[in-house]
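Below is one structure, written out as structure tokens, with a few remarks after it.
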Amino acid sequence: MHDLRWLRENAAAFDRSLARRGLPPAAATILAVDEERRALETRLQEGQAERNRLSREIGERKRAGGDARELLDRVAALKDEVKAGEERLRELQARLESLLASYPAVLAEDVPDGPDERANRVVRVVGTPRRFAFAPKPHDELGARLGMSFEKAAKLSGARFVVLTGGLARLERAIAAFMLDLQTREHGYTEVAPPYLVRDEALFGTGQLPKFAQDLFRTDSGHWLIPTAEVPLTNLVAGEILAESQLPLRFVACTPCFRSEAGAAGKDTRGMIRQHQFTKVELVSVTTPEQSAAEHERMTRCAEEVLKRLELPYRVVLLCSGDTGFASTKTYDLEVWLPGQGVYREISSCSNCGDFQARRMQARFRPEGGKPPRFVHTLNGSGLAVGRTLIAVLENFQEEDGSIRLPGALVPYMDGIDRLEPEGR
RNA sequence: GGAGGGAUGGCCGAGCGGUCUAAGGCGCACGCCUGGAGAGCGUGUUGGGGGCAACUCCUCGCGGGUUCGAAUCCCGCUCCCUCCGCCA
């Protein structure tokens with residue numbers, strides 16, 4: 001959702017942002033509808049003012065016991081005209097709003113230009129990939145002897161699901177608990193247990209609807225399964241006018257996430273990299289416009305801290321213009337090193353959405369001093385994707401015999417167990 | 001699933017055909033008072049648009065209707081709540 005006032009004065013900047021995302025210009029189209037709407041509104045207003053004045057006069061005259069017939073005739077002529085104008089105005093307004101809702105967020109200035117992920121910029125590399133004395137295996141191979149079954153999952157649910165059993169199920173729970181504790185105890189996030197089914201409005205607010213319906217699962221009842229806890233957490237402030245003193249708000253939730261992966265046929269078909277259902281710990285911040293850039297850095301560090309404590313090598317990548325999501329003005333991805341595949345893979349994505357989502361969901365705050373409300377800024381980031389973290393632990397901490405030595409930070413969450421042993425050994 | 005009740009400004013809450021430009025309260029802002037704070041007093045305070053401006057329009061859940069005129073009457077929808085039934 002975009003600010004019309006801003007757009008009028010910054011049409012070129014708007015189109016430049018679209019161009020950087022590889023999209024054709026649109027400001028002129030939007031502004032033409034805006035122009036039409038304003039002209040109509042100005043014209044309509046005269047009629048409305050006249051009607052209101054006459055009606056008031058009729059009331060006065062009737063109360064005084066006078067004859068209002070002549071005034072009634074005059075207002076009758078205005079009536080249809082005004083009504084038609086109001087209808088037309090509503091149409092234009094609706095058209096304008098759906099236009100405004102269909103273009104992605106204006107990118108931050110410091111987002112590098114580029115068409116796709118190859119142009120992303122590595123900001124920092126943290127930790128050194130371990131040197132293996134043997135060929136490290138991918139997680140699905142390791143998992144086969146540890147309680148990871150895609151066959152069982154396929155029987156139940158089809159492709160892109162997994163069943164974890166025993167130590168691996170326990171490990172997933174341990175990782176999630178560790179992350180929640182870190183973010184709540186040390187980083188000041190408030191834990192939330194939100195609904196996993198939401199309505200259209202919530203998904204419109206965060207920007208998944210109406211454009212990306214094909215990526216989502218929908219129930220018979222008309223609800224949608226959340227693709228990320230960003231949706232319920234951010235929409236917590238939808239329609240609110242918060243006090244500036246309440247900001248920043250910081251929420252964390254561990255939820256399952258559901259994605260149809262409609263456009264990903266044939267991609268990442270092996271292993272549990274890309275699933276229809278996965279667990280994720282999500283961070284959401286709501287801030288003032290002045291604070292959001294600093295909060296973005298802070299949030300990214302909060303996500304990075306998880307990787308540091310788990311002793312996982314990673315790098316931070318600033319996404320280029322063509323790779324930055326619809327609702328985001330700027331995004332850092334955290335990519336963890338996966339020795340089994342010899343690549344860095346996305347494990348977190350931290351985005352500053354500016355006021356883009358706030359406008360869609362009417363989330364505002366009242367500045368100190370009783371001034372008019374302003375839109376908040378919203379940010380979200382994974383802290384982290386739990387399934388992919390589990391993968392990273394397996395691949396990075398594997399031993400030649402297929403066992404997994406667990407990072408120290410997780411041991412307390414595993415009741416002291418510091419090793420997963422494969423079956424049939 | 002059945003039967004009722006409700007939706008008003010940042011919040012609570014009155015209003016049930018014209019001056020509602022929405023009472024009153026809370027909160028907030030500013031001022032007075034004070035050594036300072038509090039209390040008290042006074043003033044202001046829904047939100048969103050249009051217009052160079054004067055000014056004006058919209059906004060009482062949403063949409064439609066009746067009317068010269070709707071927060072108020074009628075119809076539809078959405079959401080919330082209560083009770084009963086069923087069920088974690």
Side-chain angles (χ1 to χ4, degrees), chain A residues 1-9 30-101 193 195-205 209-210 218-224 232 235-247 249 256 286 288 355 358-376:
Chain A
M1 188 64 78
H2 297 279
D3 180 3
L4 261 178
R5 281 178 201 280
W6 181 89
L7 188 69
R8 271 178 223 143
E9 258 124 66
I30 301 171
L31 289 177
V33 179
D34 177 45
E35 192 88 13
E36 194 182 345
R37 184 201 111 231
R38 282 152 72 201
L40 174 66
E41 188 165 346
T42 306
R43 213 172 337 118
L44 173 63
Q45 235 172 239
E46 289 167 23
Q48 288 173 319
E50 175 74 2
R51 178 202 58 193
N52 291 349
R53 199 175 56 247
L54 286 173
S55 291
R56 225 169 300 145
E57 210 175 316
I58 290 168
E60 281 164 22
R61 210 174 276 194
K62 281 199 168 171
R63 214 164 333 104
D67 179 13
R69 190 163 311 150
E70 174 235 347
L71 292 176
L72 286 172
D73 289 343
R74 275 166 65 192
V75 90
L78 261 177
K79 214 182 138 183
D80 292 339
E81 191 186 319
V82 167
K83 186 166 287 183
E86 284 173 345
E87 198 175 319
R88 175 93 183 104
L89 182 64
R90 257 199 306 277
E91 284 168 18
L92 275 173
Q93 191 69 41
R95 185 136 62 89
L96 193 55
E97 261 157 38
S98 79
L99 259 179
L100 284 173
Y196 307 152
L197 294 174
V198 296
R199 328 172 192 285
D200 298 9
E201 291 77 22
L203 287 154
F204 178 84
L209 287 183
R218 189 173 147 93
T219 69
D220 278 348
S221 63
H223 288 100
W224 303 82
N235 276 284
L236 249 21
V237 297
E240 303 276 331
I241 300 182
L242 304 156
E244 181 168 2
S245 59
Q246 293 175 265
L247 302 178
L249 292 171
V286 178
T288 64
D355 64 6
R359 285 180 183 280
R360 294 171 81 99
M361 62 177 74
Q362 291 290 307
R364 293 168 291 176
F365 73 99
R366 192 178 295 280
E368 309 279 4
K371 291 194 283 287
R374 301 172 64 196
F375 288 106
V376 296

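So that the names make sense, note that chain A is the first sequence line, chain B the second, and so on, each numbered from 1.
Protein atom CD of Glu46(A) is 10 Å distant from nucleotide atom C1' of G51(B), rounded to whole Å. Rounded to whole Å, atom C1' of G49(B) lies 8 Å from atom CZ of Arg5(A). Per the geometry, CZ belonging to Arg374(A) stands 17 Å off C1' belonging to G47(B), to the nearest Å. The nearest whole Å value for the distance from the CD1 atom in Ile241(A) to the P atom in G27(B) is 19 Å. As rounded to whole Å, 10 Å separates atom P of G50(B) from atom CG of Leu96(A). The nearest whole Å value for the distance from the CG atom in Leu4(A) to the P atom in G49(B) is 9 Å. Atom CG of Asp34(A) and atom C1' of G49(B) are 11 Å apart (whole Å). Nucleotide G49(B) holds its P atom 10 Å from the CD atom of Glu41(A), rounded to whole Å.
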Exercise answer: donor-acceptor pairs, residues 238-246 of chain A side-chain atoms, under 3.5 Å, sequence neighbours excluded:
unit_1, atom_1, unit_2, atom_2, d
Glu244(A), OE1, Glu368(A), N, 2.7
Gln246(A), OE1, Ala243(A), N, 2.7

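With RNA chain B read from its 5' end, the first of the two nearest nucleotides for Gln48(A) and Asp3(A) is the one closest to Asp3(A).
When each of Arg37(A), Arg38(A), Arg43(A) is tested with Glu41(A) by the rule salt bridge (Lys or Arg N to Asp or Glu O under 4.0 Å), just one qualifies, namely Arg37(A). Residue Arg51(A) forms a salt bridge (Lys or Arg N to Asp or Glu O under 4.0 Å) with just one option from Glu86(A), Glu46(A), Glu81(A), and that option is Glu86(A).
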Reading 5' to 3' through nucleotides 59-70 of chain B, protein heavy-atom contacts under 4.0 Å coded B for base, S for sugar-phosphate only, - for none = -----S-S-BS-

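Evaluation of the salt bridge (charged side-chain N to carboxylate O under 4.0 Å, His left out) rule for Arg364(A) yields no partner, not counting sequence neighbours. Residues satisfying the side chain to side chain donor-acceptor pair (under 3.5 Å) test with Asn52(A), not counting sequence neighbours, are none. For Glu91(A), the salt bridge (charged side-chain N to carboxylate O under 4.0 Å, His left out) partners are Arg88(A), not counting sequence neighbours. Listed by chain and number, the residues in a salt bridge (charged side-chain N to carboxylate O under 4.0 Å, His left out) with Arg359(A) are Asp3(A), Asp355(A) (sequence neighbours excluded).
Figure legend. C73(B) is base-paired to G65(B); pairs are counted as Watson-Crick or G-U wobble with both atom distances under 3.5 Å. If you check A3(B) for Watson-Crick or wobble pairing at under 3.5 angstrom, you find it paired to U82(B). The partner of G27(B), taking Watson-Crick or G-U wobble pairs whose two distances both stay under 3.5 Å, is U45(B). With both pairing distances under 3.5 Å, G35(B) is matched to nothing as a Watson-Crick or G-U wobble pair. Base pairing of C60(B) is not made with any nucleotide, judged by Watson-Crick or G-U wobble geometry with both donor-acceptor distances under 3.5 Å. A 3.5 Å limit on both hydrogen-bonding distances identifies no Watson-Crick or G-U partner for C16(B).
Across G24(B) and U82(B), the matching C1' atoms stand 28 Å from one another, rounded to whole Å. A gap of 27 Å separates the C1' atoms of G18(B) and G25(B), to the nearest Å. Rounded to whole Å, the C1' atom of A22(B) lies 16 Å from the corresponding atom of C58(B). Here the separation of C80(B) from G61(B), taken at their C1' atoms, is 10 Å to the nearest Å. Between the C1' atoms of G13(B) and C62(B), the separation comes to 23 Å (whole Å). The separation of C11(B) from C60(B), taken at their P atoms, amounts to 15 Å, rounded to a whole angstrom. For the P atoms, the distance linking C77(B) with A29(B) amounts to 45 Å, nearest Å. Across A3(B) and C12(B), the matching P atoms stand 30 Å from one another, rounded to whole Å.
Picking from C80(B), C57(B), G51(B) the nucleotide with the shortest atom distance to the side chain of Arg199(A) gives C80(B). Comparing C57(B), G50(B), G47(B) against the side chain of Arg366(A) picks out G47(B) as the nearest.
If you check every strand for non-hydrogen atoms under 4.0 Å, Arg53(A) touches nothing. Contact annotation for Arg43(A): no contact, since no heavy-atom pair falls under 4.0 Å across all strands. Counting non-hydrogen atoms under 4.0 angstrom, Arg8(A) reaches the backbone sugars and phosphates but no base.
Once rounded to the nearest 0.5 Å, the distance linking CZ of Arg56(A) with CD1 of Ile58(A) reads 11.5 Å. The CG atom of Leu96(A) sits 10.0 Å away from the CG atom of Leu89(A) when rounded to the nearest 0.5 Å.
Taking side-chain N and O atoms only, Asn52(A) has no distance below 4.0 Å to OP1 or OP2 of U21(B).
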